[in-house]
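Structure first, commentary second.
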Amino acid sequence: MAEAVFRARVAEAGLADAVEVDSAGTGGWHAGDGADPRTVAVLTAAGYAQEHVARQFRRDWFERLDLVVALDEGHLRELRALAPGPEHAAKVRLLRSYAPGADGGDCDLDVPDPYYGGPEGFEECLALVEEAVPGLLEEVRAALDGAARR
C-alpha cells in the first residue's frame, strides 16, 4: 500500500526518473503472491494503481539503497538488525516519522497490520500512509536537491 501511494506522489511531483520506489517484506511468507485483495480494493477505490508481487528484503540491497522505510517498530528492528553496518542501519526509518506531529510525539509511529482484520483496517492503513507520504516526499526532494548542488 505504501509503495503504491508513494509511487503515485513521486510521479505527480515529476520525480519518477530520479526516485526508485519498491517494497519487500521482512519475511518470505507471501513471496511470489500479489497484493492482498483487500489492499487492492482499497487502493483501487482511492485511485491508486498497483502491480505488487511480494518478495523478501535482502541484506545486500542496503548498499544500493539511500533510504529503507519500515511501517512499524518490529520491522524497523528487523531491518536494522539485518543491516551489514551502522551506516546501513541508519538508512532505516519509520514511515510515520514523516507524519505531521511525529517529531513532537503527537502521533503513533506504527502503521498497524490490517491482515487479520476487516476492510476498515485497510482503510485506516491507507489513511495513515497517505498522511505520512507528503513528509517523506519532502525529505526525498530535499535530498535530491542537495545532491544536485554538490
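Put simply, NE2 on His52 and OG1 on Thr39 are 9.0 Å apart, with the number rounded to the nearest 0.5 Å. Atoms CZ and CE, on Arg38 and Met1 in that order, are 10.0 Å from each other to the nearest 0.5 Å. To the nearest 0.5 Å, atoms CG (Leu67) and CD (Glu20) are separated by 12.0 Å. The distance from the CD atom of Glu131 to the CG atom of Leu126 is 11.5 Å, given to the nearest 0.5 Å. To the nearest 0.5 Å, the span separating CD on Glu63 from NZ on Lys91 amounts to 6.0 Å. Taking CZ of Arg141 as the reference point, atom CD of Glu139 lies at 13.0 Å (rounded to 0.5 Å).
For the residue pair Ala49 and Ala4, the shortest heavy atom distance occurs at O-CB, 3.6 Å. The heavy-atom pair separating Val129 from Ala2 by the smallest distance is CG1-CA, 3.7 Å. In terms of heavy-atom proximity, Ala89 sits nearest to Ala83 at N-CB, 3.4 Å. Across every non-hydrogen atom of Arg55 and Ser23, the tightest pair is NE-O, 3.7 Å. Among all heavy-atom pairs drawn from Val40 and Gln50, the shortest one is CG2-NE2, 3.2 Å.
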*Derivation and outcome, side-chain contact (heavy atoms from CB on, under 4.5 Å), residues Phe62 and Glu87*: CA-CA 9 Å; Phe62 275 105; Glu87 70 280 6; over 6 Å; no
*Step-by-step side-chain contact (heavy atoms from CB on, under 4.5 Å) determination, Leu71 to Leu76*: CA-CA 7 Å; Leu71 294 187; Leu76 179 81; over 6 Å; no
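You'll find the side chain of Phe57 reaches within 4.5 Å of the side chain of Val68, heavy atoms only. Residues Asp36 and Phe122 meet the side-chain proximity criterion, which asks for heavy atoms closer than 4.5 Å.
A donor-acceptor pair under 3.5 Å links the side-chain atoms of Arg7 to the main chain of Val21, judged by distance alone. Between the side chain of Ser97 and the main chain of Leu94, a donor-acceptor pair closer than 3.5 Å is present. In this structure, Gln56 contributes its side chain and Thr26 its backbone to a donor-acceptor pair below 3.5 Å. Counting only distance, with no hydrogens or angles, the side chain of Asp110 and the backbone of Pro112 share no donor-acceptor pair below 3.5 Å. Remark: side-chain polar atoms of Arg59 are paired, donor with acceptor, to backbone N or O of Leu82 under 3.5 angstrom. No side-chain donor-acceptor contact under 3.5 Å links Arg96 to the backbone of Ala102.
A chain of hydrophobic side-chain contacts below 4.5 Å, direct or via other Ile, Leu, Val, Met, Phe, Trp or Tyr residues, connects Tyr98 to Val5. Residues Leu65 and Val19 are members of separate hydrophobic clusters, defined by side-chain heavy-atom contacts under 4.5 angstrom among Ile, Leu, Val, Met, Phe, Trp and Tyr. Connection of Leu95 to Val10 is established within a shared hydrophobic cluster, with ILVMFWY side chains joined at heavy-atom distances below 4.5 Å, either directly or through further cluster members. Taking hydrophobic clusters as Ile, Leu, Val, Met, Phe, Trp and Tyr residues chained together by side-chain heavy-atom distances below 4.5 Å, Val140 shares a cluster with Val69. Leu128 and Leu109 are assigned to two separate hydrophobic clusters, defined by single-linkage of ILVMFWY side chains at heavy-atom distances under 4.5 Å.
Within a 6.0 Å radius of CZ in Arg64, more than 12 heavy atoms belonging to other residues, nucleotides or ligands are found. Within a 6.0 Å radius of CG in Asp60, other residues, nucleotides and ligands contribute more than 12 heavy atoms. By the neighbour-count criterion of 12 heavy atoms within 6.0 Å, atom CG of Asp22 is densely surrounded, having more than that number from other residues, nucleotides or ligands.
Judged as a side-chain contact (heavy atoms from CB on, under 4.5 Å), and not counting sequence neighbours, the contacts of Arg9 are Glu12, Tyr48, Glu130, Val133, Leu137.
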